[in-house]
Amino acid sequence: MPKVPDSSMTHPDPGRWKALVFIALAQLMVVLDATIVNIALPSAQQDLGISDGNRQWVITAYALAFGGLLLFGGRIADLWGRKRTFVVGLIGFAAASALGGAATGEAMMLGARALQGAFGALLAPAALSLLAVTFTDAKERAKAFGIYGAIAGGGGAVGLILGGFLTEYLNWRWTFFVNIPFAVVAAVGAYLVVREPAGGRNRSTLDIPGVILSTLGLVALVYGFTRAESEGWSDAGTVGLFIGSGLLLIAFVVTESLVKSPLLPLRVLTDRNRGGVYLSLGLAVIAMFGLFLFLTYYLQIVKGYSPVMTGFAFLPMIVGMIAGSTQIGTRLMTRVPPRLLMAPGFLTAGVGMLLLTQLEVGTSYAGLILPAQLLLGLGMGTAFMPAMSLATLGVDPRDAGVASAMVNTSQQVGGAIGTALLNTIAASATTAYLADHAAGATTPAGQRLLQLQGMVEGYTAAIWWAVGILVVSAAIAFALITTGKPDMGVVAGSGADADDEVKVPVIAH
């Protein structure tokens, strides 16, 4: 005889909308940090005496710790409780940010960045899984994930604005210190208002072999792509990292299929719809990261924009993402199947990216870059919102942390691949263009123009690849994600006790 669902399923947490404010604030801080430091890096490098060879480690130290520890962070959230993990992650992130802002040398800066990544790996999956178990009504879930999706998509562009402003008018140290008020407000607010549903913890023993294999495998993968960008794809060290990563991750999957309490239960991955979300989202992020990179360089180097102007130039994308996520995605999520939002969303973003393949040295911002960004933002905002929700929909509460961690892992790995792959394509295209046209540039002005034309040629070559990636992402979303529109009831697996046998059906197949 199945048990009757407990009151947590029928009586949602009265403080859930206040909780959303603090969860969203924490997510904004983590996403901001991914781009805000990029703007400040040249100034920080000069002040701290960091060599050109080691400069990339300011970014890489964060990426390796964050990407490598995400699955572990998600499992810790399931074990300790999401609220506790969330607050600890925030406090740790604030402390690491203070250390980075006060850095007096290279070692202190790199250590602070690695610590930020480690605490971010605790914080990010805890935030998303808290959202998943707090909002159980389908309509409310749509609104909550609309806000979260807008922040996840647009926060990086906000980081460019804030990073440019702080670097230009204060100094680079404030790109670290700015995290502290975010973290303190979010931690105090979460402690006071977040209520985690009962019965959602996974108290089984920690899968130590799984932790070691997944962490080493993901670190090797992320570092492999980072190294490929600087050393080349055929470099022995790069190839070795990819082979090692593949072997470690295969060993991880085998281990997870054998142990009693796996770090990542394979049922989380083998669900067709969830797998489709992870894959399509990871591919879309490859395209997005490439765009941020190239458009930032184009605006600053080719068009001569200041860091602050560059940041504000990304505003149309932020507006588009907020509109796509909170207006289109939220309004349609309970009316149409997710794939009819995700696939068209990725294709709309692809059209925006297609416009950017027409970039030239003298391209008008208002005539081409602004409409392209609006389309990109609208498309990504519309697609991100149902993707974030579907990735945790119907997951057993005890698996919510690792399911959320997989969303972040697909984005992190996608970002590493996007930066390395598209940068390599751009550099090769630039080199080829300069070699073909060098004879025609005989004056200093001509050589300067040729350099700029070569850079733009490289950017557009890489953007063409990004267009193709978004088309593939749309095809995967349409083919693999087969759930129908959600019913208007309570979301299965969101708030019931983990031992309840009753699941309220909310997906129409």
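For L218 against G68, the heavy-atom pair with the smallest separation is CB-CA, 3.9 Å. Across all non-hydrogen atoms, the minimal contact from L376 to A349 is CD2-O, 3.3 Å. The two atoms that bring A190 and K83 nearest to each other are O-CE, 3.4 Å, heavy atoms only. Pairing each heavy atom of A405 with each of L70, the nearest pair is CB-O, 3.3 Å. Here the closest non-hydrogen pair linking N179 and S97 is ND2-OG, 3.1 Å. Closest heavy-atom contact between F182 and L25: CD2-CD1, 3.4 Å.
The shortest side-chain heavy-atom distance between V336 and L341 falls under the 4.5 Å cut-off. Counting heavy atoms from C-beta outward, L249 and S245 have side chains that approach closer than 4.5 Å. F384 has its side chain out of reach of M321: every pair of non-hydrogen atoms, C-beta onward, lies at least 4.5 Å apart. Using a 4.5 Å heavy-atom cutoff, the side chains of I425 and L422 are in contact. Taking the side chain as every heavy atom from C-beta outward, F478 and L340 approach each other to under 4.5 Å. The closest side-chain heavy-atom distance from L390 to R274 is not below 4.5 Å. Contact of the I318 side chain with the L315 side chain is registered, since non-hydrogen atoms from C-beta on lie closer than 4.5 Å. In this structure, the side chains of M29 and L123 come closer than 4.5 Å at one or more pairs of heavy atoms.
Here CG of L281 is found 7.5 Å from OG of S473. Values are rounded to the nearest 0.5 Å. Atom CD1 of residue I369 and atom CG of residue L374 lie 12.5 Å apart, to the nearest 0.5 angstrom. One distance of note links CD of E140 with CH2 of W17; it measures 5.0 Å at 0.5 Å rounding. Note: I469 CD1 to M288 CE = 13.0 Å, rounded to the nearest 0.5 Å. From L90, atom CG reaches atom OH of Y191 across 14.5 Å, with rounding to the nearest 0.5 Å. In this structure, the separation between CZ on R82 and CG on L122 is 13.5 Å, given to the nearest 0.5 Å.
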Side chain to side chain contact (heavy atoms under 4.5 Å, CB included) between L263 and S214, worked out: CA-CA 9 Å; L263 173 71; S214 67; 3.4 Å; yes
Verdict with supporting geometry, L355 and L368, side chain to side chain contact (heavy atoms under 4.5 Å, CB included): CA-CA 7 Å; L355 286 178; L368 181 79; 4.1 Å; yes
Evaluation steps, side chain to side chain contact (heavy atoms under 4.5 Å, CB included), between M109 and L48: CA-CA 9 Å; M109 169 60 77; L48 300 177; 3.7 Å; yes
Residues F72, W80; criterion ring pair (Phe, Tyr, Trp, His ring centres under 6.0 Å); working and verdict: CA-CA 12 Å; F72 181 49; W80 282 0; 8.8 Å; no
Check against side chain to side chain contact (heavy atoms under 4.5 Å, CB included), K18 and V21: CA-CA 5 Å; K18 290 179 184 175; V21 172; 5.6 Å; no
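In terms of modelled atom types and a separation under 3.5 Å, the side chain of R173 and the main chain of A103 share a donor-acceptor contact. In terms of modelled atom types and a separation under 3.5 Å, the side chain of S325 and the main chain of I322 share no donor-acceptor contact. In this structure a side-chain-to-backbone donor-acceptor pair under 3.5 Å is present from S280 to G276. Using modelled atom types, one side-chain atom of R113 and one backbone atom of V58 make a donor-acceptor pair closer than 3.5 Å. Using a distance-only test at 3.5 Å, with no hydrogens or angles considered, no donor-acceptor pair links the side chain of Q116 to the main chain of F93. Using a distance-only test at 3.5 Å, with no hydrogens or angles considered, no donor-acceptor pair links the side chain of T363 to the main chain of L359. Using modelled atom types, no side-chain atom of T134 and backbone atom of L131 make a donor-acceptor pair closer than 3.5 Å.
Atom OH of Y297 has 12 or fewer heavy atoms from other residues, nucleotides or ligands within 6.0 Å. The number of heavy-atom neighbours closer than 6.0 Å to NZ of K303, taken from other residues, nucleotides and ligands shown, is above 12.
Ring-plane geometry between Y169 and F165 is classed as tilted, the angle between the planes lying from 30 to 60 degrees on a 0 to 90 degree scale. Ring geometry for Y459 versus Y298: interplanar angle over 60°, hence perpendicular rather than tilted (30 to 60°). The aromatic rings of Y365 and Y305 sit tilted relative to each other, their planes meeting at an angle between 30° and 60°.
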